[in-house]
Amino acid sequence: MSHPSAARTTTSAFRAWPSPITAAAVARQDGTPGWVSLVGDEVWWDEPRPHEAGRRCVVRARPDGEVEDVLPAGFDARNGLHEYGGRSWRPTGDGLVFTHWHDQRLYLHRPDGHDAPRPLTPTRKNVTYGDLYLPPSRDEVWAVRETRLGGVRDVERALVAVSLGTGTERTIAATHRFMTCPRMSPDGRHLSWIGWNHPNMPWDGTELCVAPLLADGTAGVHGVRAGGPRESVVQAEWRDADGLWAVTDPDGWWNLHLVPAQEGPARAVAPAEEEFGGALWKPGTSWFAPLPDGRAVAINGTGAGRRISLVDPDAGPGTSALTHLDLPYTDFVQSIDADAGRLVAAGAATTLPYAVFTAAVPAPGAVPGHEARILSASYVPDVDPAWLPRPTTRTFPADTTGSARGRTGTDALLVHAHTYPPAHPHHTTPDGERPPWVIFVHGGPTGDYPMVYDLEIAYFTSRGIGVATVDYGGSVGYGRAYRERLNGAWGIVDVQDCVTVARALVAEGLADPDRMAIRGGSAGGWTALAALTHTDAFAGAVSFYGITDPVSWADTTHDFESRYLDGLIGPLPRSAALYEQRSPVLAASHASGPALLLHGLEDAIVDPAQSSAMARALRAAGIPYEHAEFPGERHGWRRAETIRSALEAEIRFYERIFTPPEGPGASPGRPVGSPRTADPS
């Protein structure tokens, strides 16, 4: 690798420091709490169970704090809506309605009874339900129904109502290719929903629709109350019979607005250059909750600094419409619920793992408290803080010189990142030696990396490897302009931003220029492999279920993302040359180091053939690689044994590539090999 501007370092063989943070410990804590709900004087949420084959179990906290399962063993509250899944359960008063992963049917369950969950919908292999909602005063559940008629693109979606008694089903509305957030007005006379069509993704442009609810329970003629081709409405809730709260971004930031139900313009409440919403990957996601008194509680902030605030649209002159609650968290799961006196959410900070908590909702004019009552049973191993890294939020000037092959110039911008130096209570990097670092690349690419307690990161930092998570151009949390830096430039801006952070760490004397790696999953896997094959910045790359050939991916992926690359690279076939220029597979012979390729064999979002094609290309070019496939895994690891196996394979990979080769012409990494199936044991 060539780094003419960096001072050379004395590099010795890398030996991972001993650490009590094992891959098995990381597997036990993998995942975060999910959807949350206040149910009378109880609090309900769902949690990951990596040790139970990755199922999601709905649990509840009794008033005395006792936590117990609501779902019996063998039931998994997930669904395949948009492949990523949508809101999968809702409390019904004496029980819950939920979608079961293994057959995608709707079920009704009363946990205080003795009967097993009762199916509401028939067995149909091509139908799934998600984004569940219970309209007031109706014995039915509303949901988005997705019906696959043939191939991956032959899909129909509709808002439907399913009786909780008989299971009978009716279609309420079918207006867009994608629909979400069905809601009934408090007086029962209208309903609202959000819809969009190809080629838009929901963060590009959506429409907030309102229609009368007819006597037969279907929607009348609808009107569009907010949104459009270049405005993204991501959540809407009724405030009263005359209007709605909505998170939308006409001014470039997802802010809370009041939207009249019939006529008149939307009004921003407490407008600010910060986000009150995010990328709508999972239908049913909520960033705010209305309060009975007309206010709302909302998750808001930018980058690594998020909080929960009270929003009062009726605040008088000289009084702020926004009151921040003093809570010990800096990031939150995108689900929140509230009533007149309390709220429930799941938060985390750099020293606090994600946990479900409740907090008081202060009355108008009252001073907010700072008490947060943690409810979730701890499934995070107890780790001495001395073993945890101390992260820092950083910004770096974006490189606009075009040093990544094929790059075009951009305006001067900042790149956002979080850095986690190696941390160990008994070891330090030897004098005169710089430690290795790994750049972590999030997926999406419309995603982000929160700066929170993360045992996966600590697994590496406690072994002597620094970690930098990069919110490259295209990430959420920094406004539409930053998000749209990636438009037409996927494989360029994301790669160069990661290279910028890597080289800045080297220039600051923090990192060894010859021991810098990059890793990522899904779209992050694409960026990692594109950086490996289109720059000389990295000694190796790790790709989890990553995209390697954009042409074949665009042709085979699921319906939700099937037109995603129209905006990220350009529409086919007109932009075919750009797809070829940026393809990691076609540039495999230029790789600056070895690659580790890991993929689940049941992945319907990124076909396992993507990793197989990269392995073949590396083998043909004589580039060292390792390729492992995991039976039973889909897009993202869910099972404890997979999480453990993948982490152990990754640390072994770094030990190889961070050790200098011996002898003239030697190269790091394992000899060229053939694909293998990972041993789950």
Side-chain angles (χ1 to χ4, degrees), residues 34-38 45 86-87 90 131 133 180-186 192-194 202-203 206 208 225-227 231-240 243-251 253-259 261 266-302 305-315 320-325 327 329-347 356-362 364 368 476-477:
W35 317 110
V36 298
S37 285
L38 294 172
W45 67 93
R87 173 92 196 210
R90 289 279 185 178
D131 197 2
Y133 164 72
T180 185
C181 205
R183 297 291 187 269
M184 179 189 290
S185 63
S192 62
W193 66 92
I194 296 169
W203 40 87
T206 63
L208 171 59
R225 299 302 308 123
E231 181 182 340
S232 167
V233 188
V234 294
Q235 184 188 352
E237 310 286 344
W238 288 89
R239 185 182 185 227
D240 52 38
L244 304 95
W245 288 100
V247 173
T248 185
D249 69 343
D251 299 316
W253 294 84
W254 277 308
N255 281 188
L256 267 172
H257 290 68
L258 290 181
V259 182
R267 173 171 72 89
V269 181
E273 290 189 351
E274 57 183 85
E275 306 283 36
F276 288 72
L280 188 59
W281 284 101
K282 292 188 175 185
T285 297
S286 60
W287 292 271
F288 75 92
L291 296 173
D293 61 12
R295 297 178 298 163
V297 290
I299 301 167
N300 61 296
T302 59
R306 293 186 172 90
R307 57 207 168 204
I308 291 180
S309 302
L310 276 169
V311 187
D312 185 357
D314 300 320
S320 174
L322 205 63
T323 303
H324 306 311
L325 302 187
L327 299 169
Y329 305 108
T330 57
D331 191 70
F332 300 90
V333 173
Q334 295 170 350
S335 181
I336 187 170
D337 194 16
D339 59 22
R342 61 179 179 157
L343 65 88
V344 60
V356 176
F357 68 91
T358 58
V361 174
V476 295

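In this structure the side chain of Leu310 reaches within 4.5 angstrom of the side chain of Leu291, judged on heavy atoms. Contact annotation: the side chain of Val36 never approaches that of Val333 to less than 4.5 Å [non-hydrogen atoms, C-beta and beyond].
Applying the side chain to side chain contact (heavy atoms under 4.5 Å, CB included) rule to Thr358 yields the partners Val43, Arg342, Val344, Arg373, Leu375; only residues at least two apart in sequence or on another chain are considered. Judged as a side-chain hydrogen bond (donor to acceptor under 3.5 Å, both in side chains), and not counting sequence neighbours, Asp251 has no contacts. With sequence neighbours excluded, the residues satisfying side-chain hydrogen bond (donor to acceptor under 3.5 Å, both in side chains) with Thr180 are Asp131. Scored by the side-chain hydrogen bond (donor to acceptor under 3.5 Å, both in side chains) test, Gln235 finds Glu237 as partners (sequence neighbours excluded). Annotation: side-chain hydrogen bond (donor to acceptor under 3.5 Å, both in side chains) contacts of Glu274 (sequence neighbours excluded): Asn300, Arg307.
A cation-pi arrangement is absent between Arg90 and Tyr133, since the terminal nitrogen or guanidinium carbon is not both under 6.0 Å from the aromatic centre and inside a 45° cone about the axis.
From Ile299, atom CD1 reaches atom CZ of Arg306 across 9.0 Å, with rounding to the nearest 0.5 Å. Interatomic distance, Asp240 CG to Trp245 CH2, rounded to the nearest 0.5 Å: 10.5 Å. The distance from atom CG of Leu258 to atom CG of Asp314, rounded to the nearest 0.5 Å, is 8.0 Å. Ile194 contributes atom CD1, which lies 14.0 Å from atom CZ of Arg225 (distance to the nearest 0.5 angstrom).
Residues Arg267 and Pro313 approach most closely at NH2-O, 3.5 Å, considering heavy atoms. The nearest pair of heavy atoms linking Arg183 to Ala236 is CG-O, 3.7 Å. Closest non-hydrogen pair, Ala315 versus Ser320, comes out as CB-O, 3.7 Å. Here the closest heavy-atom approach between residue Ala321 and residue Val269 is recorded as CB-CG1, 4.3 Å. Residues Trp238 and Ala261 share a closest heavy-atom pair of CZ3-CB, 3.7 Å. Among all heavy-atom pairs drawn from Ala345 and Ile308, the shortest one is CB-CD1, 4.0 Å.
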*Derivation of the side-chain contact (heavy atoms from CB on, under 4.5 Å) call for Leu327 and Phe357*: CA-CA 10 Å; Leu327 299 169; Phe357 68 91; 4.0 Å; yes
*Step by step, would you call Arg295 with Val361 a side-chain contact (heavy atoms from CB on, under 4.5 Å)?*
CA-CA 10 Å; Arg295 297 178 298 163; Val361 174; 4.1 Å; yes
*Hey, mind stepping through Thr302 and Trp253 against side-chain contact (heavy atoms from CB on, under 4.5 Å) and telling me if it holds?*
CA-CA 10 Å; Thr302 59; Trp253 294 84; 3.9 Å; yes
*Checking side-chain contact (heavy atoms from CB on, under 4.5 Å) for the pair Leu208/Thr248: CA distance, chi angles, key distance, verdict?*
CA-CA 9 Å; Leu208 171 59; Thr248 185; over 6 Å; no
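Under a 3.5 Å cut-off, the side chain of Trp254 and the backbone N or O of Ser232 do form a donor-acceptor pair. In this structure, the side chain of Asp293 does not engage the main chain of Ala340 through any donor-acceptor pair within 3.5 Å. One N or O on the side chain of Thr206 and one on the backbone of Val233 form a donor-acceptor pair closer than 3.5 Å. The backbone N or O of Leu322 lies less than 3.5 Å from no partner atom in the side chain of His324, so there is not a single donor-acceptor pair.
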Report, one line per pair, each donor and acceptor closer than 3.5 Å where one atom sits in a side chain of residues 278-290; sequence neighbours left out.
| unit_1 | atom_1 | unit_2 | atom_2 | d |
| --- | --- | --- | --- | --- |
| Trp281 | NE1 | Thr446 | O | 2.8 |
| Thr285 | OG1 | Lys282 | O | 2.6 |
| Ser286 | OG | Ile336 | N | 3.1 |

